[in-house]
Amino acid sequence: MIFLENFRRQQNTFIVRTFFLLTTITVIAYTEILERLDFVVYDEILHFIDSTHDSNIVIVTIDEKSLSALGSWPWSRGVHAELINRLTSIGNKVVALDLLFSELQSTDAHADLLLAKAIATHGNVILPVAPISNNNSGALYLTAPHPIFRQHAVLGHVDIELDSDGVARRVFLYAGIDAPAWPALALVLANPSTAGHSLQINDNKKGDDRLKHWVRAEETLIPYTGKLNSFRHVSYSDVLFNDAKLADLKGKTVIVGMTAAGMGTRFATPLSADNRQSMTGVEWHANVYVMLQNNHAIHPLPEIWVTILSFLWVAIILTGVCWTKNNFTVPLLAFFMVAGLFLVYQSLKIYHVWIPPSAALLGTLAIYPLWNWRRVNQFIRAFLITQLRSSTALEAIQDGVIITDAHDHVVYINRGAEKILRTEFNQIKGKVLQQILHLYTNHNHRPEDRSVKKLLTPGLDCPGVLECGLKTTLNTERTVRITRNQLHDEHEALIGSVIAITDITDTVELTQRIAHHEDYDALTKLPNRTKLMTQFDQLIQVTQITNKTITIFFITLDNFKKVNDAMGHQAGDKLLRMVSERLNESVNQDDIVARWGGDEFILLSVYLTDKDIATGMAQKLLEVIRSRFEIDSLEVYVSVSIGISFYPENGLTSDTILERARTAMYRVKRDGGNCFNFYSPESTLVWTRDRLELEKELRAAITNHELQVLFQPIVHAETHHIARMEALVRWPHPARGFLSPSEFIPLAENVGLIDQLGELVLRTSCLASYKLLKLGYSVNVSVNVSPRQLLNKNFLQTIFNALHDSGLPPRLLILEITESAIVNDMERVGNILTKIRELDILIALDDFGTGYSSLTLLRELPIDIIKIDKSFVRTLDQNQNDLTIVQAIIGLGINMGLLVVAEGVETAKQARILLQHHCYYQQGYYFSRPIPYQALLELINKNR
């Protein structure tokens, strides 16, 4: 009877333990508690699977060699444009750039245009998008290439998912903010049909009040190819300068990215365990591309199926053991363990499906003590400690692991902990944890912080997590994330602790560098506009308590353009850096100096309490900047204009105060510069209202066709025949009188009305010339074109529409341009003028002889007519030098087959001298002032 009761008790215990085991395995499998152990198994199995190496992919690297050849990073966008153009020249079908061009280069706008053009010409350039979180507001937004780059590019996300152990094993093929809208960059590269260039991007980085999430979809694991750096690498500079290297890229898939030390993002991968090297982002994209190209993506089994399979595996083994009633021996245990791993291996190799085996293997392992529980029960505690010490998983991971006993003495550390602490296990074995972990959470390195004390307490009652600083045995400092968990035996008695240490120094430093680039100007290293506004608002909050005054200096360089034009943009950049250094040296330590943009700087100070002291500082700044600068062995002198305002005297917000300081600066600049001025409400209001009123009246005048187009004849001086006429616009203002173009054309350009005004003049001129043609008079009409009109992408269509609607033959239209419309972007203007000339429209170069690049323009551009500037004609009969210059221009035009027109002819003597030197076409008050169309028609009839 006693025997039967003992047997039943044993059977009931076995059933309870079996139920507990199956329940535990189900929970472990579903909750992925053993995720890191699964990672270790996956990494080891991956080494036994041969991956296809694709020789068709080439990585163009921004490496040390390229930095040596092309200079320090960042490079001009023109360099990237040249690379794309060279790839285009060899017929490259697709190129991916792992470079984020989210902002324009403030110092080289032309280079941005070149890059945008190169992207458009190539037609299949892939650029990255990535999620960025604003640390201040917590807002999530998408960082994407600037619109001028992405409009002709293909976009793919470069979000890289790191597992809990910091290793990149997986990729999400689609991701996006609140919806997985963006394909991965490698997916776009492998399958262009998934391209995301049609998706709308919100460029407003401020975000909104809604909580946004980065949503991912279509998760796959990556079967990495071979070893690190197994793909072919070609240096960026070789592609630019070595034609043979460029030719080798024909027919290849090209990915461009950073590999130079200290640049770009690097990730730990399963391959990193071989040589402890991280993988660059561009090589990571190459691995994903090869995976997709060869259809080798590994699909992780969903948690529910992992749970079911783990449960069934353990249940089948238990059923088989119970049915056969054999002892569950160690060899049988080993067989099932190996069989389980073999099935996982076959599933991964043949079907490309990953089944995490840890839960099933743990359950298999647990069957042994379950079946033989009497024999092993007494060894459970020793087995637990031994298993923790000898676990290969702890040695395989890069995180540091420290195990202590119940009295906080160190009994084990893994290689990751040795690397982080810069010590060896035998040197710290048996020491108290507080003796080897020198932690601090503030800049004073004070270890008595309460959070540090709590984490280092042996009797911690719950898991503790802390991000803090760590001083190693070599006195180097690292930033770490520490997690501490207590270990208990089956009776809930404390037997020790497990401390996990993750070195996040590189991540923190990268985050700090990114934050610094967002807040500071790359050229001068001063705070940028965004950082300035933040500092200004903080300063206002402080002064509201202290009742101090904030003095604002708005500083701009006078005639900065002359340095850029004469010496190049690099010299201009050097000058801006020198100016920023002098400003920093001239102010108090707590003053704020920032770059507002271009050649404008801001100084904020709380030490200048009244206008007299502020005047002294302004005078000091004027003298400091007036001193000689030496740039490229040349002496350069510049001056500044300074506007000054005060908080709270001149306003209560940072925007208002800065705008008023800027207004004061513009008043100084308008009066000649090289001085300073305080904000004056009265004069500012008059000036602002007058300008706004004039702008409103100009818009109404254009809309209501109140502007008047007059025509000045261009006469053949020998026959007095009117062969051409120049259209000149005037504004008969009802209150201000007859306004010349110089009084309203600059305003039209500044407020965006020049295109409307120019189209009005062009249509009126074409219609007038057509009317003369219908009356039997073939008179060419010259129309002046402003630089902004010429560079407008719709300008050619505007010309075509004007000619079509008026019926005027293109040969009777002449477009007059000035050098200022050309020299800033000669290549682009040359292309536009060539297209205009192909329409049979004539091109005239106005004000010839007054610029420094006239001869270059005649050589490079399709010019038909040169017009001698009136400044040379005015004193032609009095100044021998002017006569000599005019003779030279006429001779130059005749020798080049160009028509020469002299402007500003006011006397018969001037006309006669010009005629003697074979300048037959003349224009000026001597022949006629600008007159309305009807008066011009009467003059033509009279001359006839």
Side-chain angles (χ1 to χ4, degrees), residues 62 66-68 70-81 99-116 143 145-146 148-149 205 258 260 262-263 512-536 553-587 591-604 621 624-625 627-634 636-642 658 662 665 824:
I62 299 173
S66 300
L67 293 173
S68 177
L70 299 173
S72 60
W73 187 266
W75 299 330
S76 169
R77 300 282 167 77
V79 175
H80 303 303
L99 304 171
L100 194 60
F101 303 116
S102 59
E103 301 289 345
L104 295 178
Q105 285 187 325
S106 60
T107 58
D108 195 357
H110 180 59
D112 288 326
L113 296 176
L114 290 177
L115 178 56
T143 295
H146 192 275
I148 73 168
F149 303 132
K205 296 185 178 181
M258 297 183 177
M263 294 182 61
Q512 291 173 345
R513 285 200 300 271
I514 293 174
H516 186 274
H517 286 311
E518 289 180 351
D519 291 339
Y520 289 85
D521 176 57
L523 178 64
T524 62
K525 311 305 179 188
L526 295 176
N528 59 18
R529 185 180 301 194
T530 303
K531 180 68 173 178
L532 171 71
M533 299 304 291
T534 301
Q535 292 178 312
F536 199 171
F553 295 80
F554 205 112
I555 306 164
T556 184
L557 298 182
D558 298 328
N559 299 320
F560 175 66
K561 188 175 182 296
K562 72 178 182 181
V563 178
N564 278 336
D565 291 345
M567 302 177 65
H569 289 285
Q570 289 185 344
D573 291 346
K574 291 180 181 178
L575 177 60
L576 290 174
R577 283 194 291 267
M578 292 179 180
V579 168
S580 66
E581 291 171 0
R582 290 192 183 180
L583 291 175
N584 263 328
E585 294 169 356
S586 304
V587 301
D591 289 345
I592 299 172
V593 179
R595 186 183 182 194
W596 185 254
D599 60 347
E600 297 176 338
F601 298 87
I602 301 293
L603 166 61
L604 304 180
L621 295 177
V624 164
I625 304 303
S627 301
R628 173 179 60 88
F629 292 92
E630 186 171 323
I631 303 176
D632 297 336
S633 301
L634 290 177
V636 176
Y637 294 89
V638 294
S639 60
V640 292
S641 298
I642 303 175
L658 284 167
R662 189 176 190 176
M665 179 272 293
N824 290 332

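- With values rounded to the nearest 0.5 angstrom, Leu523 atom CG is found 6.0 Å from Leu576 atom CG.
- Arg662 has its side chain within reach of Glu600: a pair of non-hydrogen atoms, C-beta onward, lies under 4.5 Å apart.
- Trp73 contributes atom CH2, which lies 3.5 Å from atom CE of Met258 (distance to the nearest 0.5 angstrom).
- Once rounded to the nearest 0.5 Å, the distance linking CG of Leu658 with CD1 of Ile602 reads 5.5 Å.
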Handout entry: Working for side-chain contact (heavy atoms from CB on, under 4.5 Å), residues His146 and Asp112
Key = CA-CA 10 Å; His146 192 275; Asp112 288 326; over 6 Å; no
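- Minimum heavy-atom separation, Gln105 to Ala111: OE1-CB, 4.0 Å.
- Atom-to-atom distance recorded for Met665:CE and Thr556:OG1 is 5.0 Å, nearest 0.5 angstrom.
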Handout entry: Evaluation steps, side-chain contact (heavy atoms from CB on, under 4.5 Å), between Asp558 and Val638
Key = CA-CA 7 Å; Asp558 298 328; Val638 294; over 6 Å; no
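- Ring geometry for His80 versus Trp75: interplanar angle of 30 to 60°, hence tilted.
- Shortest non-hydrogen contact noted between Ile148 and Ala116 is O-CB, 3.2 Å.
- The distance from the NZ atom of Lys525 to the CG atom of Asn584 is 13.5 Å, given to the nearest 0.5 Å.
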Practice task
Would you please test Ile62 and Leu99 for side-chain contact (heavy atoms from CB on, under 4.5 Å) and show each step?
Solution key: CA-CA 10 Å; Ile62 299 173; Leu99 304 171; 3.9 Å; yes
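- Taking every heavy atom of both residues into account, Arg595 and Gly598 meet most closely at NH2-O, 2.8 Å.
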Handout entry: Residue pair Gln570, Asp632: steps toward the side-chain contact (heavy atoms from CB on, under 4.5 Å) verdict
Key = CA-CA 10 Å; Gln570 289 185 344; Asp632 297 336; over 6 Å; no
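- Note that Arg77 lies outside the cation-pi zone of Phe149, set by a 6.0 Å cut-off to the ring centre and a 45° limit from the axis.
- Once rounded to the nearest 0.5 Å, the distance linking CG of Leu532 with CD1 of Ile592 reads 7.0 Å.
- Annotation: side chain of Ile631 is in contact with side chain of Met578 (closest heavy-atom distance under 4.5 Å).
- Between the side chain of Asp521 and the main chain of Leu526, no donor-acceptor pair closer than 3.5 Å is present.
- None of Thr524, Leu604, Val587 except one satisfies the side chain to side chain contact (heavy atoms under 4.5 Å, CB included) rule with Val593; the exception is Val587.
- Counting all heavy atoms, side chain and backbone alike, Ser627 lies closest to Arg582 at O-NH1, 3.1 Å.
- Of all heavy-atom pairs spanning Ser580 and Phe601, the tightest one is CB-CE2, 4.1 Å.
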